[in-house]
Undergrad: 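Mind having a look at this structure? Questions to follow.
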Amino acid sequence: MAQTLDSVSAIERQLAELRLGDGGSRLRTSVMTHIAWVPEEWVEAAEDVLAGLAERHPSRTIVLFPQSHGDGLEGEVDAESFAMTEGLTICTDTIRIRLHGTSAEHPTSVVEPLLISDLPVFLRWRGLPPFGEPAFEELIGVADRLIVDTTEWPGLPKPYARMAGIFERVAVSDIAWARTSRWRSMLASLWPAIGKVERIKVTGTEAQAQLLAGWLRSRLEKSIALQHEPSNKLVGVELDGEPAPFPPGDPPIPADLLSDELDKLSRDPVYEAAVLATV
Amino acid sequence: MALAEDQRLANPLLEGLQLTRRPEPCAMVIFGASGDLTKRKLFPALYSLAYRQLLPEKFGIVGVARTEETDDDFRERMKAAVQEFGRDDFRDDVWKLLADGMHYVAGTAEDGDDVFVHIDQTLTEFDRDRGTDGNRVYYLAVPPPAFETIVKGIGKHRSKQGWTRLIVEKPFGHDLQSAQELNTLLHKHFDESEIFRIDHYLGKETVQNMLALRFANGIFEPIWNRQFIDHIQITVAETIGIEGRADYYEHAGAIRDIFQNHLLQLIALTAMEPPIDFAADSVRNEKVKVLKSIHTPGPKHVVRGQYGRGYIEGQEVPGYREEQGVDPNSMTETFIAAKLFVDNWRWADTPIYIRAGKRLARRETTIAIEFKRAPHPPFEELAAEGLRPNVLLIHIQPDEGVSLAIGAKVPGQGMQIRTVHMDFLYGGAFRTDLPEAYERLLVDCMRGDASLFTREDEVIEQWQLVDAIVAFWRRDRPSFPNYAAGTWGPPSSDELLRRDGRAWRRH
C-alpha cells in the first residue's frame, strides 16, 4: 500500500525516490502526462480503463478524484513496471490524488508542478464537463488534448453546443466518435448513392446517433433528419428506411479506443464539424 | 606540522586519491553566524564536506554574530541545523571533527575593533593549536549595511602569513553605483584575486554541466549559433512567495533577486565562446564578453509583474501586497520577462527570452535551446502536424538532466510523425546524490579556484543592464497586481513572444 502524501512537494519527493530506486535494467520512460478527472461515480470504470493503458502509452498518469467535503489533498504514488522484450522493463508512475475543498476547485495548482516537462498533456474527463467552471477551464488550459466520451453525457445534443465553444482552445477527442469509426467507413463505401439520403435511423447510444447524423450533415452539406433507437451499443443504421450493411470485424475495446486517441496530437476537423452539425 | 602545498603536490601517494581535492589547512570565519544562510546552507555544506573528507585536515571555524552565546550554544545550534537541513546521515564522529574546531564570537558594529581583536586571538590560537597556517576564509553572510565595518576590520587585522580570501554573498550592491562603491571598499583591503563573490547557481552541478555539454561534445558546438538556433528560453520559476523576507525583497524585486545574478550568469554560460582552458580567468573573460554584448532591451521588450491572490498546491495564498511587511501599495515586481539579444557574430538576431518570478505555476529552472525547423520536410502536411522543432532542454532543477526533442515516426501504416524525447537524467546515469552548490563553492574557495565566482567586471556589466531597465521602469506605473499566484505571470509576458510568432514552453 502506497503511503499517503499530503502535499505536492511530498509527492515530488516520492517520485524522485522512485526514480533513484530503479535498477539499471528498468527504463523509466514517458511519452506524455495523462491526467484523468474522475468524479466519485466514475471511479470503478476509470480504474478498469487505466489498467490496460500504461503498457501501450508509458506515461505519468495523474488521476484526480474530486471530493465533496474536507480540505487539502491526499496523494499516493505507485510505480508500475512492464516487461518488454529482452529483459528490458519499462516503468511508469501513477499518481492518485484525492482533492478536497479549494484544491478541487483549483486542481491546476496541484497538477502543474507534477507534469513531465515538455511532454504533451492529455486530459481525460469522465462524465459531462462543467463548461465554464474554474476547475475545468483551468485544466483545459494546461492540456494539449481533452478526451471525453460523450456517451457518458446526459441531455444530448445540447451539451455539444457548449463543447464547440472550446475547440479553439484545446484539441478534443471523443471516444463515442471513435466507436463510430467502423460504421463511418462502411457508410463511406456507399458513396455516391448515400449523397441523396434524407433520413437516418441509428440504433445505438444517443451520442453515436447524434455524431453519425452530424457527420453526414457536415460532410454532405445538407440537412438530414435523425431518428434514434436507444441501445447501449451501435448495432444498426438505416438510410431512408433501408438497413445499411453491418460493418465487418469486432468493435474495439475501451482501452484500445482511449489508446488510439492518445496517439493523436492535432485537432480533428472532421469531428469538430460533426459536433457543430449535431445542433 | 602541516604540509606545504608544493610538498603536498609532490607526495606520490596522494596521486589518484580523492584527497587531491582536499584544500590546504585554513580557518573560516563566518559573519552572520546566527542567520538563516549559516543554518540552512553553510553548516549543512560544511558537515557534508567533513563527511566526505573534503575539508582541510587542519581546519577551524569562528562564528560571529550579534547574539550573545557560548561556544557550546553555537555548537548545539549548528548541530540541530545539520540534523534538520543536512543531506547526509548524522554521525557523531563526523560532527565531532567539526565541533572541536568551532568557536563563537559575539559582537556588533558598535563594539568597534574589540570584536576583530577577539576574532584575531581565536584565529591565532587556531594557527597554534590546529595548524591552520595563517590561511583565512572570511564569509560575509550579513546584510550589505554591515559590510563596511567588517571589511575594514578584517583588512586591519589581516593575517601576516598564509593567504586571506573573502566570500561575499549577494546582494552585491543594489545598483551600479553601490556595486562600484562596494568594489572600491573591498579593493582598499583586498586584491581582486582574494575576493570571491558567490552566486550559488554557479555551484549547481547542472549549471556546470552546461560547460561539459557544450565543450566536451563535438556535436553541439558547430550548431550552437544563429544559423541553427531559432531562439533560447530561460525560465527560473519559483512557486514560493517571499517567505518572510519582505525587507529584502521590497528593495530587490525580481530584477535584483534573480535577473541581475542568476539569470544573466545562465545566459553568459549558454552564449559564451569556448574558453581556452578552465582556469578561472579564461572562463570569466568569455562570460564577461557575453555580458558586454547584451544590449539594453527597449521598454517594450521587458515585462514586469506582481502576483495577486491565487492558488498554490490547491490552497489560496495571499497577494504580494498582502504579505507581511510589504507596502500595501508596493510597486516591487515579483516577475520579470525580457527579450534580450547578444550582439556578436554567433548570436546576432537570435532572441534570448528570459522569465523569472515568484508564485508561478511550478518550480523549475530550465534552459531551452530551440533549433530552427527542418528546412523542407518532405512529408504530407498532415503527417507532421504533431511535430515541433528540435529542442535541447537543460533542466537545472528539479529532475536535473538534459533532454532532446526529436521527430520520430509513429509505428504503423503511413507516415505519421511526432515529437519524442531522448533523456539524460542525472539520477539515472550517475547513481549518486548531487552535491549542494555551497559544498562545491566552499571547497573551490579554500582551494583558491575562482572559476565559479563572479568577477568585478561581470558584476559591473550586470548592474549596467539592470540600471538601464530600472531607469525606464521609473517612468510608468503598471497596474499591479497583474497576475494571479499559481499562473505563469502577466498576459503581457505571453504577448512578448506572441508578437514574434513564438510561445513560452508551457511546462
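Reminder, nothing fancy here: chain letters follow the sequence lines and each chain counts from 1. Because the structure is a prediction, the values reported are computed rather than measured.
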Undergrad: What closest approach, in Å, do B:E313 and A:L73 show between heavy atoms, and which atom pair accounts for it?
TA: O-CD2, 3.8 Å
Undergrad: Where do A:G72 and B:Q315 come nearest, in terms of heavy atoms and distance?
TA: CA-NE2, 3.6 Å
Undergrad: For residues B:G314 and A:S109, report the shortest heavy-atom separation together with the two atoms involved.
TA: N-OG, 2.7 Å
Undergrad: Given the options A:L99, A:L115, A:V111, A:D71, which has more heavy-atom pairs under 4.5 Å with chain B than any of the others?
TA: A:L115
Undergrad: Is the number of heavy atoms from other residues, nucleotides or ligands under 6.0 Å of A:R219 CZ greater than 12?
TA: no
Undergrad: Among A:L114, A:V110, A:T102, which residue has the highest count of heavy-atom pairs closer than 4.5 Å to chain B?
TA: A:T102
Undergrad: Atom CD1 in B:I312, atom CD in A:E112: separation rounded to 0.5 Å?
TA: 10.0 Å
Undergrad: For A:P120, is there any backbone N or O sitting under 3.5 Å from a side-chain donor or acceptor partner on B:R506?
TA: no
Undergrad: Non-hydrogen atoms of chain B under 4.5 Å away: do they reach the side chain of A:L119, the backbone, both or neither?
TA: both
Undergrad: Measuring heavy-atom distances to chain A, does B:L393 have an atom under 4.5 Å in its side chain, in its backbone, in both, or in neither?
TA: side chain
Undergrad: Verify the distance criterion only: is there a donor paired with an acceptor across the side chains of B:R363 and A:S9 at less than 3.5 Å?
TA: no
Undergrad: Could you tell me the separation between the CD atom of A:E105 and the OH atom of B:Y311, rounded to the nearest 0.5 Å?
TA: 6.0 Å
Undergrad: How many angstroms lie between OG in B:S403 and CD1 in A:I116, if you round to the nearest 0.5 Å?
TA: 10.5 Å
